[in-house]
**Student:** 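The structure that follows is given in the form of structure tokens.
Basis for what follows: all heavy atoms, side chains included, without hydrogens, waters or symmetry-related copies. Just so it is clear, the model here is predicted, and its values are computed rather than measured.
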Amino acid sequence: MGTLLSIITLMASAVIVVLDPTSMLVFYALGVIIVSHIGAWLLKSTPGWFMAASLLGWSSIMISTPLALTTTQLNQLARLVRRQRDGWEEAQVTLDFFEPLVPYATPLLIAATIFFLVLAVLALRGAAQGTFRYMMDASRGLAKACTTVGKAAAFLFLPMMLIILYDVIQRKYLGWSPDFTSTDWYKTFTSTRLQEMEWHLHATLFLLALGYGYVHDAHVRIELVRDVLRPRTRAWIELFGALLFMVPYCYVVIEYGSENALRAYNIGEGSDALTGLPYRFIIKGMLPLGFVFVALAGLSAALKCVVYLFGPASMRAESGQYAGDTQHGQAAEA
């Protein structure tokens, strides 16, 4: 039941990001996030799901900023009221509601940060298996999610390969039969659409596999420097890199990527080419989605490094992946 509530927290977190900030539904989604997350803690959600809900629940509230509208949004509403265009009465009601709440927006975000930190600490302290074992279980759960998504995304290579093959064959066929361009089939599967679908699939595959690459330590590293460092130094660098650079960078990409995808959806953005693919918001939405799993991979690595640095020696064999501890790595494999 606790895991189900963590899943509900994640779903509400996704909803609150895409909702219109002037909608009252934002407050309902906020309430669901808070209540379900408390329930997940009380009912002992599995570590991986709980940590994922903690990180993404907090991030979604920071991105949606309940009680606060941006200066641009306030100016748009004020302009609509001033010119008394269609819907100006609803705009006036929205302004009257949000303007008095603006001073409380920052305290709410601070309170949300404290809320998620406190519940995370309570979950760690109250874990029956112990704090460090809970961290390792959470790290493995997050890594498993990234691995599952990465493996599933890898299958996109098959349709991408078939589309490339068909595109090449169709181009050659046009040299023999130029009249083929006037058929309904070609108008549906134009070369422009096929090429755009190729890079759409490639981008989706790449973005959804980023988290997989990190949890399996398959990304590029500067081995010339890293190989001369002690394992504990490597673990410290990995920990600070994940917490101070990687996860914050993912937050920025998720925030602005979501905003960009929502804007594309609202304006009905399509391809710049007349015969290209519509619904550009789908591929733009893959950017923040992909970096969600990169952030989860970063949290998984950070938890594993904490266990390696501060946990018992008996757990270093399974937590020394990012420290490059070959001795413990061999013990783990054995």
Side-chain angles (χ1 to χ4, degrees), residues 2-3 6-7 9-10 13 37 40-41 44-60 62 113-150 210-219 221 226 231-251 254 291-325 328-329 331-333:
T3 300
S6 287
I7 295 174
T9 301
L10 292 171
S13 300
H37 198 55
W41 166 63
K44 305 296 183 182
S45 173
T46 53
W49 282 104
F50 187 79
M51 286 300 176
S54 298
L55 177 63
L56 299 181
W58 171 80
S59 299
S60 67
M62 296 298 109
T113 302
I114 295 174
F115 167 78
F116 283 103
L117 284 176
V118 168
L119 282 190
V121 171
L122 291 175
L124 290 170
R125 294 291 297 273
Q129 66 269 49
T131 298
F132 293 109
R133 174 52 57 188
Y134 186 94
M135 286 184 175
M136 278 304 303
D137 291 344
S139 177
R140 287 178 174 177
L142 295 170
K144 182 179 179 181
C146 295
T147 298
T148 301
V149 171
L210 284 175
Y212 173 91
Y214 186 62
V215 297
H216 288 275
D217 204 20
H219 59 295
R221 291 185 181 273
R226 189 170 183 266
R232 289 186 65 85
T233 304
R234 297 173 186 172
W236 276 112
I237 292 174
E238 198 76 30
L239 178 60
F240 282 119
L243 295 181
L244 299 181
F245 297 100
M246 184 177 179
V247 174
Y249 177 75
C250 290
Y251 171 83
I254 293 169
F291 272 83
V292 163
F293 291 101
V294 177
L296 295 180
L299 179 58
S300 173
L303 291 171
K304 192 171 288 188
C305 289
V306 169
V307 175
Y308 182 84
L309 292 169
F310 304 105
S314 60
M315 296 184 65
R316 289 185 180 175
E318 55 182 319
S319 62
Q321 173 186 357
Y322 298 99
D325 194 332
H328 293 310
E333 291 176 1

**Student:** Working note: V118 + V121, criterion side chain to side chain contact (heavy atoms under 4.5 Å, CB included); need CA distance, chi angles, decisive distance, verdict.
**Tutor:** CA-CA 5 Å; V118 168; V121 171; 5.8 Å; no
**Student:** Atom CG in L239, atom CZ in R234: separation rounded to 0.5 Å?
**Tutor:**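 That separation rounds to 16.0 Å.
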**Student:** Side-chain contact test, heavy atoms from C-beta onward, threshold under 4.5 Å: evaluate it for W58 versus S54 and give yes or no.
**Tutor:**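 No, too far: nothing below the 4.5 Å cut-off.
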**Student:** Who passes side-chain contact (heavy atoms from CB on, under 4.5 Å) against T46, sequence neighbours left out?
**Tutor:**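 Result, side-chain contact (heavy atoms from CB on, under 4.5 Å) vs T46: T3, W49.
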**Student:** Rounded to the nearest 0.5 Å, how far apart are CD1 of I254 and CE of M62?
**Tutor:**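 One gets 13.5 Å once the value is rounded to the nearest 0.5 Å.
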**Student:** Scan V215, V149, T148, L210 and name whichever one has a side-chain contact (heavy atoms from CB on, under 4.5 Å) with F293.
**Tutor:**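 The single option meeting the side-chain contact (heavy atoms from CB on, under 4.5 Å) with F293 is V149.
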**Student:** If every non-hydrogen atom of Y134 is compared with every non-hydrogen atom of A123, which pair is closest and at what distance?
**Tutor:**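 What the structure gives for the nearest pair is OH-CB, 3.7 Å.
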**Student:** Determine, step by step, whether M51 and D137 satisfy the side chain to side chain contact (heavy atoms under 4.5 Å, CB included) criterion, reporting the C-alpha distance in whole Å, the side-chain angles of both residues, the deciding distance to 0.1 Å, and the verdict.
**Tutor:** CA-CA 10 Å; M51 286 300 176; D137 291 344; over 6 Å; no
**Student:** Is a donor on one side and an acceptor on the other found under 3.5 Å between the side chain of S139 and the backbone of M135?
**Tutor:**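 No.
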**Student:** Hey, can you tell me if F310 and W236 have their rings parallel, tilted or perpendicular (30° and 60° cut-offs)?
**Tutor:**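 Rings of F310 and W236: perpendicular, as their planes differ by over 60°.
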**Student:** Output the distance between atom CZ (R316) and atom CG (L309), rounded to the nearest 0.5 Å.
**Tutor:**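 These two atoms lie 8.0 Å from each other.
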**Student:** Using every non-hydrogen atom in the two residues, find where F50 and A120 come nearest and quote the distance to one decimal.
**Tutor:**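 Answer, listing the atom of F50 first, then A120: CE2-CA, 4.2 Å.
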**Student:** To the nearest 0.5 Å, what is the distance between OH (Y214) and CG (L296)?
**Tutor:**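 The CG atom of L296 is 12.5 Å from OH of Y214, to the nearest 0.5 Å.
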**Student:** Can you name the closest pair of heavy atoms from A53 and L10 and give their distance?
**Tutor:**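 For A53 versus L10, the nearest heavy atoms are CA-CD2, 3.6 Å.
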**Student:** Roughly how far, to the nearest 0.5 Å, is the CE atom of M136 from the CD atom of E318?
**Tutor:**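 E318 atom CD to M136 atom CE measures 4.5 Å (nearest 0.5 Å).
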**Student:** Just say parallel, tilted or perpendicular for the rings of F116 and H37, cut-offs at 30° and 60°.
**Tutor:**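 It falls in the tilted class, 30° to 60°.
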**Student:** So which atom in V247 and which in A295 form the shortest heavy-atom distance, rounded to 0.1 Å?
**Tutor:**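 Answer, listing the atom of V247 first, then A295: CG2-O, 4.1 Å.
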**Student:** For residues Y212 and C146, report the shortest heavy-atom separation together with the two atoms involved.
**Tutor:**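 The answer is CB-O, 3.8 Å.
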**Student:** If you round to the nearest 0.5 Å, how far is CG of L303 from OG of S319?
**Tutor:**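 Rounded to the nearest 0.5 Å, the OG-CG separation comes out at 11.5 Å.
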**Student:** Which pair of heavy atoms, one from P248 and one from A242, lies closest together, and at what distance?
**Tutor:**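 Shortest heavy-atom separation between P248 and A242 comes out as CD-O, 4.0 Å.
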**Student:** For R125 and T131, indicate whether the former's side chain and the latter's backbone hold a donor-acceptor pair under 3.5 Å.
**Tutor:**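 No, the answer is negative, given that no donor and acceptor are paired below the 3.5 Å cut-off.
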